[in-house]
Amino acid sequence: MSAVVVVTQSLHKAVDVFQAREQELGRLDAAAGDGDHGATMLRGLRAADAAVGGADPQSAGDLLVQAGEAFADAAGGASGALFGAFFTAAGRKLSTGDESAAGVSEALRAGLALVVKLGKAVEGDKTLIDALSPFVAAFDAAVAGGEGAASAWHVALPAAEKGAAATAAMVARRGRAARLGERSRGGVDPGAQSVVYLLSAVDAVLQESCAANSSIL
């Protein structure tokens with residue numbers, strides 16, 4: 001399976017995942033915001049999926065850039081800006097490099113760096129960074145140890161899950177939840193949980209490909 005197919009199928013899979021998780025994410029968001037995070041993510045992903053599905057065959061990086069721009073435009077708000085920026089930055093890096101596991105590592109680091117810059121958050125602030133940063137670090141380590149992209153993705157996914165779960169014990173220091181202070185403790189950050197669901201959608205596509213004995217990245 002080519003990287004282009006991975007991107008297109010992963011976005012399509014993500015739409016299905018977020019349709020099923022929309023209400024759950026809304027409940028998590030309602031603790032600090034207006035409860036629209038699930039709807040926002042689904043709206044952005046549907047736009048990204050449509051943009052990629054209607055594109056001419058090209059590099060995976062170029063498709064990610066288109067997906068990121070469509071996501072940001074459709075989703076709006078902080079979530080639209082941050083998730084859209086991640087897709088776009090990762091796509092631009094992937095477009096200028098290779099699509100090997102090492103190239104995917106560079107793309108993930110580029111996406112994370114832009115999200116950190118825009119969100120002005122670090123691990124421990126109870127944001128999507130708490131799931132994304134551990135995943136990128138674990139993916140890098142797996143690739144450095146000789147794993148291919150599909151295997152490294154699967155091995156790194158638990159780091160994102162653990163990071164997201166850990167946000168339940170954190171006090172928010174960024175975003176709308178920060179105004180709640182100690183009252184923000186007790187619930188998982190919806191952005192961090194969305195990262196887990198996105199990464200899980202990609203993992204499902206990658207593992208299905210491996211099960212079919214296809215060549216991947």
query: Who pairs with A78 by side chain to side chain contact (heavy atoms under 4.5 Å, CB included), at least two apart in sequence or on another chain?
result: none
message: Any side-chain to backbone donor/acceptor pair from D73 onto A70? Under 3.5 Å, distance only.
response: no
- line: So the side-chain hydrogen bond (donor to acceptor under 3.5 Å, both in side chains) pairs with at least one residue in residues 132-146 (sequence neighbours excluded) are S105-D140, R109-D140, E123-S133
task: Using the salt bridge (Lys or Arg N to Asp or Glu O under 4.0 Å) rule, collect all pairs that involve residues 158-169, keeping only residues at least two apart or in two chains.
output: none
field: Shortest non-hydrogen contact from A164 toward A192
entry: CB-O, 3.8 Å
- prompt: Which pair of non-hydrogen atoms, one from L28 and one from P190, has the smallest distance, and what is that distance?
  reply: CB-CB, 4.1 Å
field: Closest contact, heavy atoms only, V4 versus A60
entry: CG2-N, 3.5 Å
- prompt: Is the backbone of V7 close enough, under 3.5 Å, to the side chain of S10 for a donor and an acceptor to pair up by distance?
  reply: no
message: Are L198 and L45 packed together at the side-chain level, in the sense that at least one heavy-atom pair is separated by less than 4.5 angstrom?
response: yes
Pairs satisfying salt bridge (Lys or Arg N to Asp or Glu O under 4.0 Å), at least one member in residues 11-24, at least two apart: K13-E208, R21-E24
task: Scan residues 104-128 for pairs that pass ring pair (Phe, Tyr, Trp, His ring centres under 6.0 Å), counting only residues two or more places apart or in two chains.
output: none
field: Sequence neighbours excluded, every pair satisfying side-chain hydrogen bond (donor to acceptor under 3.5 Å, both in side chains) that has a member inside residues 38-48
entry: Q19-R46
message: Quick check on the hydrophobic clustering: are V202 and V115 connected, directly or via other members, by side-chain heavy-atom contacts under 4.5 Å?
response: yes
field: ILVMFWY cluster, V65 and L108 together (side-chain gap under 4.5 Å)
entry: no
field: Side chain T167, main chain M170, donor-acceptor under 3.5 Å
entry: no
task: Identify the heavy atoms of A131 and V196 that sit nearest to each other, and give their distance.
output: CB-CG2, 4.4 Å
Pairing residues for A137 by the side chain to side chain contact (heavy atoms under 4.5 Å, CB included) criterion, not counting sequence neighbours: none
- prompt: Could you give all pairs that pass the ring pair (Phe, Tyr, Trp, His ring centres under 6.0 Å) test and reach residues 79-106, with sequence neighbours left out?
  reply: F71-F87
query: Do side-chain atoms of D130 reach the backbone of G124 as a donor and acceptor pair under 3.5 angstrom?
result: yes
message: Just so I know, are the side chains of S2 and E99 near enough to count as touching, which here means a heavy-atom distance under 4.5 Å?
response: no
task: Could you state whether F18 and V188 fall into the same hydrophobic cluster, counting links through intermediate Ile, Leu, Val, Met, Phe, Trp or Tyr residues with side-chain heavy atoms under 4.5 angstrom apart?
output: yes
- prompt: Quick one: does L112's side chain get under 4.5 Å of I129's, heavy atoms only?
  reply: yes
message: I'd like to check the salt bridge (charged side-chain N to carboxylate O under 4.0 Å, His left out) partners of K93; sequence neighbours left out, ordered by chain and number.
response: none
field: Distance-minimising heavy-atom pair for A75 and G44
entry: CB-CA, 4.0 Å
field: Within-4.5 Å side-chain heavy-atom neighbours: Q193 and L25
entry: yes
task: Not counting sequence neighbours, list each pair that qualifies as a side-chain hydrogen bond (donor to acceptor under 3.5 Å, both in side chains) and has a residue in residues 81-92.
output: none
Please report, to 0.1 Å, the donor-acceptor pairs under 3.5 Å made by any side chain of residues 145-157, with sequence neighbours excluded.
from : atom 1 : to   : atom 2 : distance (Å)
E147 : OE1    : S151 : OG     : 2.6
W153 : NE1    : L199 : O      : 3.0
H154 : ND1    : D203 : OD1    : 3.1
H154 : ND1    : D203 : OD2    : 3.0

message: If you compare all heavy atoms of M41 against all heavy atoms of S194, which two are closest, and at what distance to 0.1 Å?
response: CG-OG, 3.7 Å
